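The model shown is predicted, which means the values in this text are computed figures rather than measured ones.
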Amino acid sequence: MKLFSLSVLYKGTTKSNLLKAAYDLSSFSFFQKSSVQEFMTFTSDLIVQRSSIGSRASVKEQEYLCHVYVRNDSLGAVVIADGEYPSRVCFTLLDKVLEEFSRQVSSIDWPSGSPDTVHYTALDSYLAKYQNPREADAMSKVQAELDETKIILHNTMESLLERGEKLDDLVQKSEHLGNQSKAFYKTARKQNSCCEVM
């Protein structure tokens with residue numbers, strides 16, 4: 001899972017305006033980096049131009065997914081990720097970036113600003129922080145922990161099932177089980193033994 005680009009743009013009436021962008025092109029060769037960056041800038045610009053105000057969308061381009069959010073105030077953001085990266089985390093990132101950007105950069109600067117004139121430095125840190133969606137997004141982290149717990153519980157149940165013969169011995173030796181419980185276990189064991197799958 002990887003994020004490649006994070007851009008903030010202003011959607012004007014005839015064209016969009018790139019305000020700030022950050023890129024992680026470490027997975028590309030030195031000779032590809034400038035072309036890839038230009039392609040990602042062009043794609044982000046095009047997606048914002050074609051998106052309606054107040055909308056969120058995901059656009060697939062080859063093995064990449066481009067997630068866009070254009071707010072009602074015409075401020076938009078695009079994140080380009082690989083196909084495995086969770087969409088929900090991308091939209092959480094876009095919400096955070098746009099909210100913070102609109103607080104730090106005056107809306108007067110949006111139509112005419114450029115990456116050189118807009119003073120907003122958090123894009124690079126957001127792009128780095130969100131490379132691992134589990135660490136960046138609390139819900140993804142909780143889901144990953146739940147998945148691990150399921151795996152651990154499943155493995156524990158399998159290991160108990162593999163020790164079927166030893167369980168019989170433990171029941172016999174147990175001081176905590178009364179005679180009636182031991183008899184119930186033996187009866188249940190006999191009834192279930194006729195139904196075992198071969």
Side-chain angles (χ1 to χ4, degrees), residues 1-28 32-115 117-118 120-144 147:
M1 290 185 275
K2 185 150 181 69
L3 296 178
F4 300 102
S5 167
L6 177 59
S7 309
V8 178
L9 301 98
Y10 176 74
K11 179 180 172 63
T13 51
T14 57
K15 65 180 189 110
S16 61
N17 183 32
L18 179 66
L19 297 171
K20 214 64 175 170
Y23 304 93
D24 182 346
L25 305 175
S26 57
S27 58
F28 297 97
Q32 292 177 314
K33 286 182 182 180
S34 65
S35 297
V36 169
Q37 182 173 330
E38 286 175 7
F39 169 75
M40 289 185 179
T41 303
F42 169 77
T43 303
S44 299
D45 182 64
L46 185 65
I47 289 173
V48 168
Q49 280 180 33
R50 303 283 168 92
S51 296
S52 56
I53 291 175
S55 69
R56 298 172 196 262
S58 296
V59 180
K60 186 167 177 49
E61 174 59 34
Q62 297 175 10
E63 69 266 16
Y64 305 106
L65 270 174
C66 308
H67 305 281
V68 61
Y69 175 34
V70 180
R71 298 189 331 178
N72 290 327
D73 58 5
S74 297
L75 190 63
V78 177
V79 64
I80 299 175
D82 64 11
E84 296 176 10
Y85 200 94
S87 298
R88 188 185 58 74
V89 179
C90 288
F91 286 111
T92 301
L93 171 60
L94 294 176
D95 280 337
K96 281 185 181 182
V97 166
L98 289 175
E99 186 62 36
E100 187 177 286
F101 187 90
S102 64
R103 280 194 313 249
Q104 293 183 17
V105 179
S106 171
S107 60
I108 296 167
D109 297 331
W110 298 351
S112 60
S114 72
T117 62
V118 171
Y120 178 74
T121 58
L123 282 187
D124 288 314
S125 61
Y126 274 122
L127 192 62
K129 177 183 175 185
Y130 275 78
Q131 287 300 331
N132 183 349
R134 289 182 182 163
E135 292 301 317
D137 182 62
M139 287 298 291
S140 294
K141 190 173 185 178
V142 169
Q143 185 61 48
D147 291 344

key: Check: T117 side chain, G113 main-chain N or O, donor-acceptor pair, under 3.5 Å   = no

task = Show the numbers, then the answer: is there a side chain to side chain contact (heavy atoms under 4.5 Å, CB included) between W110 and S102?
result = CA-CA 9 Å; W110 298 351; S102 64; 3.8 Å; yes

note = To the nearest 0.5 Å, atom CD of E99 lies from atom CG of L75 at 10.0 Å

message = If you count heavy atoms of other groups shown closer than 6.0 angstrom to NZ of K33, is the number above 12?
response = yes

ask   = Roughly how far, to the nearest 0.5 Å, is the CD atom of Q32 from the OG atom of S27?
value = 9.0 Å

V70 versus S52, closest heavy-atom pair with distance = CB-O, 3.9 Å

task = Walk me through it: do L65 and D82 pass the test side chain to side chain contact (heavy atoms under 4.5 Å, CB included)?
result = CA-CA 6 Å; L65 270 174; D82 64 11; over 6 Å; no

ask   = Just one of R103, K20, E100 clears the side chain to side chain donor-acceptor pair (under 3.5 Å) bar with Y120, so which one?
value = E100

ask   = What heavy-atom pair brings A81 and L3 nearest, and what distance separates the two atoms?
value = CB-CD2, 3.5 Å

Non-hydrogen side-chain atoms of Y10 and V48 separated by less than 4.5 Å = no

request  = Decide side chain to side chain contact (heavy atoms under 4.5 Å, CB included) for S55 and R71; before the verdict, give the C-alpha distance in whole Å, the side-chain angles of both, and the deciding distance to 0.1 Å.
outcome  = CA-CA 7 Å; S55 69; R71 298 189 331 178; over 6 Å; no

inquiry  = So, taking the atom named OG in S16 and the one named CG in L46, what distance separates them when rounded to the nearest 0.5 Å?
reply    = 8.0 Å

query = Got a sec, which pairs hit ring pair (Phe, Tyr, Trp, His ring centres under 6.0 Å) with one end in residues 43-84, sequence neighbours left out?
reply = F4-Y64, H67-F91

key: Distance (rounded to the nearest 0.5 Å) between D24 CG and L6 CG   = 11.0 Å

Quiz: residues 35-42 side-chain donor-acceptor pairs under 3.5 angstrom, not counting sequence neighbours:
| unit_1 | atom_1 | unit_2 | atom_2 | d |
| --- | --- | --- | --- | --- |
| T41 | OG1 | Y23 | OH | 2.4 |
| T41 | OG1 | Q37 | O | 2.9 |

ask   = If you take all heavy atoms of L18 and S7, which pair is closest and at what distance?
value = CD1-CB, 4.0 Å

query = Closest approach of A77 and L94, non-hydrogen atoms and distance?
reply = CB-CD2, 3.6 Å

request  = Please answer whether the main-chain N or O of I47 pairs with a side-chain N or O of S51 as donor and acceptor at a distance below 3.5 Å.
outcome  = yes

ask   = In terms of side-chain geometry, is the basic nitrogen of D95 or R56 positioned less than 4.0 Å from the acidic oxygen of its partner?
value = yes

task = Indicate yes or no for a side-chain donor-acceptor contact from N17 to the backbone of S114 under 3.5 Å, with no hydrogens or angles considered.
result = no

message = So which atom in N72 and which in G54 form the shortest heavy-atom distance, rounded to 0.1 Å?
response = OD1-CA, 3.2 Å

ask   = Yes or no on side chain to side chain contact (heavy atoms under 4.5 Å, CB included) for C66 and T43, after CA distance, side-chain angles and deciding distance?
value = CA-CA 8 Å; C66 308; T43 303; 3.9 Å; yes

query = How many angstroms lie between atom OH of Y85 and atom NZ of K2, to the nearest 0.5 angstrom?
reply = 10.5 Å

ask   = Rounded to the nearest 0.5 Å, how far does NZ of K15 lie from CG of L9?
value = 10.5 Å

